There are 2 protein chains.
Amino acid sequence: MVRIVDVAKKANVSTATVSRVITNSGNVKKETIEKVMEAIQKLNYQPNILARQLRRLETKTILVIVPDITNTFFSNILRGIESVANKNGYQVLLADAHNNVERESNFLDILYQKKADGMILLTARIDQNVIGEISKEYPVVLACEYFEGSQIPTVSIDNISSARKATDHLIGLGHKRIGFISGPLGGVLGRDRLKGFQQAMAQQNLAVPPFLVQEGDFSYESGYNLMLKILTLDLPPTAVFAANDEMAIGAIKAIKSKGLRVPEDLSVIGFDDIKIASIFEPALTTIAQPTFEIGLKAMELLIKLINKDSITKNQYMLEDKLVIRDSSKELS
Amino acid sequence: MVRIVDVAKKANVSTATVSRVITNSGNVKKETIEKVMEAIQKLNYQPNILARQLRRLETKTILVIVPDITNTFFSNILRGIESVANKNGYQVLLADAHNNVERESNFLDILYQKKADGMILLTARIDQNVIGEISKEYPVVLACEYFEGSQIPTVSIDNISSARKATDHLIGLGHKRIGFISGPLGGVLGRDRLKGFQQAMAQQNLAVPPFLVQEGDFSYESGYNLMLKILTLDLPPTAVFAANDEMAIGAIKAIKSKGLRVPEDLSVIGFDDIKIASIFEPALTTIAQPTFEIGLKAMELLIKLINKDSITKNQYMLEDKLVIRDSSKELS
DNA sequence: TTTATAAATGTAATCGTTTACACTGGTTTC
DNA sequence: GAAACCAGTGTAAACGATTACATTTATAAA
């Protein structure tokens with residue numbers, strides 16, 4: 001292994017000067033720079049980042065905890081994060097929680113052990129107080145999810161109003177008996193979307209019988225199974241709102257498995273607008289989130305936190321969009 | 001920040017002893033261990049991993065370069081890798097190349113800078129010689145892809161024989177005019193699957209007119225566009241083999257867009273068996289790769305390399321499986 | 001009791017950088 | 001011509017752990 005001293009010797013300067021050259025921190029004569037660069041070339045020297053990190057007490061790495069990497073919804077957020085990260089010399093350490101709270105918590109050690117300078121959470125299943133404590137000591141940004149009454153910087157859409165928008169779409173099509181397949185009600189995200197649904201229904205004085213609301217876990221399988229359950233009702237709904245696309249697709253598959261058609265017999269609307277939403281048949285009506293921008297903004301905020309820059313506000317709400325495709329249709 | 005010296009002072013021992021306790025490297029009296037643990041608890045001490053890494057010249061981190069994180073095919077391989085990694089105290093640094101060779105090469109710096117102890121490549125677009133050189137100096141394992149005539153440890157299926165198997169399936173159903181949508185022919189993976197296709201066709205003395213072979217890039221879009229192109233032929237094929245599922249689904253969408261049906265008018269077979277393959281309609285006939293096992297084995301090999309254990313052989317071929325679903329059907 | 005051996009602990013060097021501070025020699029300012 | 005300043009460089013002390021080696025203490029053997 002070739003070290004900075006080797007370069008220094010070869011170039012006949014001190015290690016300090018070499019260091020100044022590789023970090024281009026100014027105040028080095030042009031010729032000296034050339035000498036040093038030549039030595040670096042010849043020796044094929046690469047600075048040892050560990051040593052630098054130890055000295056500077058920073059890692060230039062940030063941690064992103066994803067609830068489930070197989071859900072393509074998150075991929076695009078990641079790309080947004082990465083794009084800002086790389087532009088600023090940060091590397092992204094990706095942690096996949098496999099939808100498992102315990103795994104999620106374990107990743108926090110990475111932060112404690114100073115292996116990362118900050119963290120973006122794309123999930124909020126860890127205890128709010130724990131995260132609250134951590135965020136006092138380390139830079140933390142929440143994306144998509146959020147905690148009620150928390151001061152942690154957050155980037156998301158307005159889930160309540162989006163869910164209202166989706167529900168209004170169905171109501172506008174003449175549906176009155178609408179089912180809802182929710183996300184886990186343990187999280188705000190799941191609760192908010194349910195809240196939006198309920199608000200929209202209430203506004204039009206439409207009833208929401210409890211058995212028309214089923215709690216899922218955002219997985220394809222839960223969408224499938226819960227829809228089957230809903231279909232066993234004497235008076236099944238004419239439309240269903242699933243709190244994410246994966247469950248919506250599961251629901252449609254369940255509907256089809258019973259010989260019914262979407263949207264002719266039942267309208268279905270999803271949430272997220274993941275890639276298959278437009279490929280699947282019928283193409284899914286859904287709420288599109290500005291995923292890339294969410295990632296972008298989250299990383300920008302995190303960098304500000306790391307640099308201890310002041311942050312003007314800590315709740316960023318981005319615009320979503322209703323995308324009407326083939327899975328929803330006027331009640332006939 | 002609380003350091004090891006603080007703990008040492010509090011527990012009235014030397015830093016060496018504290019270090020021995022936290023790395024439990026033996027030879028410490030029970031009572032002393034207790035004293036130290038108590039101090040650690042009280043001070044809420046967390047060892048600084050950077051310092052440890054610098055001293056030991058290892059990072060306990062491995063780098064995985066994925067060609068495209070949005071392709072769910074890789075997610076399961078990652079889980080295999082992670083499962084072995086975590087069991088052995090390694091963290092996984094995920095690098096997403098966005099299907100971009102340049103990005104891919106840039107990640108190599110992570111290795112040069114000693115930010116990772118080794119690397120698993122799930123893609124092989126980087127120049128073979130470059131990788132060859134790197135693998136002499138750093139632990140490197142290739143998964144899924146491989147280089148011809150290279151000594152780098154590799155875990156994959158036998159793509160040639162798998163492609164032959166897929167083609168034989170179509171031939172067995174009576175198809176004689178079969179189209180092939182390949183992956184990028186710049187990579188062995190793309191070439192091998194084409195080779196298997198050609199071999200199977202040749203074995204049955206079936207012609208492969210050049211225009212029935214189209215080069216895609218493994219993306220949904222390329223599958224869609226190339227299928228449209230194939231359908232403009234005067235005598236279109238009765239079956240199509242796409243070199244991965246994403247392209248197969250693109251192809252099916254294209255076929256449908258022309259008012260044709262799968263499998264009634266054309267049979268389609270894919271490759272990989274990603275999750276949507278079974279959800280999509282028609283459910284896709286495809287070759288299932290043992291993704292989790294591939295990841296597992298790759299990480300096991302990498303750990304051996306890192307530990308400089310001897311490796312008995314360096315080409316691991318795992319078993320794939322033909323999964324017959326609804327997108328392929330006897331020629332009527 | 002003495003000696004040999006093993007167990008437990010401490011001292012200080014080390015990993016490879018960065019950077020505060022000191023130094024040199026030259027230029028500018030009054 | 002002294003004082004003040006600056007550009008360019010070097011010296012050596014950090015950063016926070018691990019660990020080779022030295023030392024002390026306890027235990028066993030003679």
Side-chain angles (χ1 to χ4, degrees), chain A residues 1-40 43-61 89 109-117, chain B residues 1-40 43-61 89 91 109-117 137:
Chain A
M1 152 162 295
V2 27
R3 292 166 357 271
I4 201 171
V5 281
D6 304 321
V7 176
K9 250 177 222 150
K10 180 129 201 156
N12 238 320
V13 295
S14 72
T15 61
T17 300
V18 177
S19 178
R20 286 190 188 90
V21 172
I22 57 185
T23 60
N24 54 76
S25 45
N27 279 352
V28 185
K29 229 201 305 185
K30 221 173 180 180
E31 307 158 40
T32 318
I33 294 184
E34 275 159 21
K35 259 197 315 188
V36 171
M37 288 307 260
E38 204 187 307
I40 288 177
L43 298 173
N44 194 20
Y45 167 73
Q46 284 273 353
N48 182 316
I49 300 297
L50 291 176
R52 173 181 297 170
Q53 288 176 352
L54 173 59
R55 175 61 223 234
R56 291 194 169 156
L57 290 180
E58 64 172 19
T59 62
K60 284 286 174 182
T61 298
D109 278 344
I110 296 177
L111 215 55
Y112 294 139
Q113 296 172 342
K114 313 276 181 302
K115 272 190 123 168
D117 298 340
Chain B
M1 152 163 295
V2 26
R3 293 167 355 271
I4 201 172
V5 283
D6 304 321
V7 177
K9 250 178 222 149
K10 182 127 197 156
N12 237 320
V13 295
S14 71
T15 61
T17 300
V18 177
S19 178
R20 285 193 264 265
V21 171
I22 58 186
T23 60
N24 54 76
S25 44
N27 278 352
V28 185
K29 228 201 305 184
K30 220 174 180 180
E31 306 159 39
T32 316
I33 293 184
E34 275 161 21
K35 259 198 314 188
V36 171
M37 289 306 261
E38 204 187 308
I40 288 177
L43 297 173
N44 195 20
Y45 166 74
Q46 284 273 353
N48 182 317
I49 299 298
L50 291 177
R52 172 182 299 172
Q53 289 176 351
L54 174 60
R55 176 60 224 237
R56 292 193 168 159
L57 291 179
E58 65 171 20
T59 62
K60 282 287 174 182
T61 298
Q91 247 146 30
D109 279 344
I110 296 176
L111 215 55
Y112 295 138
Q113 297 172 343
K114 314 274 181 304
K115 272 189 122 169
D117 297 341
E137 228 181 316

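Just so you know, these numbers come straight off a predicted model, no measurement behind them. Below, read A as the first sequence line, B as the second, and so on, with proteins coming before strands; counting in each chain starts at 1.
- B/Leu57 is listed as a side-chain neighbour of A/Asn48, based on a closest heavy-atom distance under 4.5 Å.
- Distance CG (B/Leu43) to P (D/dG16): 15 Å, rounded to an integer number of Å.
- In this structure, A/Ile22 reaches the sugar-phosphate backbone alone: every heavy-atom distance under 4.0 Å involves primed, P, OP1 or OP2 atoms, never a base.
- The NZ atom of B/Lys29 sits 10 Å away from the P atom of C/dG10 (whole-angstrom rounding).
- Regarding contacts with the backbone of C/dT19, a side-chain N or O of A/Arg56 is found under 4.0 angstrom from either OP1 or OP2.
- With hydrogens and angles ignored, a donor-acceptor pair closer than 3.5 Å exists between the side chain of A/Arg55 and the base of C/dT18.
- Rounded to whole Å, the distance from OH on A/Tyr112 to C1' on D/dA17 is 21 Å.
- Between the C1' atom of D/dT19 and the CG atom of B/Leu57 lies a distance of 13 Å, rounded to the nearest Å.
- Considering only the side chain of A/Ser19, C/dT18 comes nearest among D/dG16, C/dT11, C/dT18.
- With hydrogens and angles disregarded, a donor-acceptor distance shorter than 3.5 Å links the side chain of A/Gln53 to the backbone of A/Thr59.
- Look at OH on A/Tyr45: it is 10 Å from P on C/dG16, rounded to the nearest Å.
- Across all their heavy atoms, B/Thr15 and B/Ala8 have their closest contact at N-CB, 3.8 Å.
- Distance, A/Leu54 CG to C/dT19 C1': 14 Å, rounded to whole Å.
- For B/Thr15 and C/dT11, the shortest distance from a side-chain N or O to OP1 or OP2 is not below 4.0 Å.
- Regarding contacts with the backbone of D/dT11, every side-chain N or O of A/Ser14 stays at 4.0 angstrom or more from both OP1 and OP2.
- Which of C/dT17, C/dT11, D/dG10 sits closest to the side chain of B/Ala16 comes down to C/dT11.
- In this entry the distance linking CD1 of A/Ile4 with P of C/dT19 reads 11 Å, nearest Å.
- Comparing B/Ile49 and A/Thr32 against DNA chain D, the residue whose closest nucleotide sits nearer the 5' end is A/Thr32.
- Nearest-nucleotide mapping onto DNA chain C: of A/Leu50 and B/Asn12, the residue sitting toward the 5' end is B/Asn12.
- Projected onto DNA chain C by closest heavy-atom contact, A/Pro47 and B/Val28 fall at different nucleotides, the more 5' of which corresponds to B/Val28.
- Using a 4.0 Å heavy-atom distance criterion, B/Val13 is classed as a sugar-phosphate-only contact.
- Between A/Arg3 and the phosphate of C/dG16, there is a side-chain N or O to OP1/OP2 separation shorter than 4.0 Å.
- With hydrogens and angles disregarded, a donor-acceptor distance shorter than 3.5 Å links the side chain of A/Thr23 to the backbone of A/Ser19.
- In this structure, B/Asn27 atom CG and D/dC21 atom C1' are separated by 14 Å, rounded to whole Å.
- Taking 4.0 Å as the cut-off between side-chain N and carboxylate O, A/Lys9 and A/Asp6 do not count as a salt-bridged pair.
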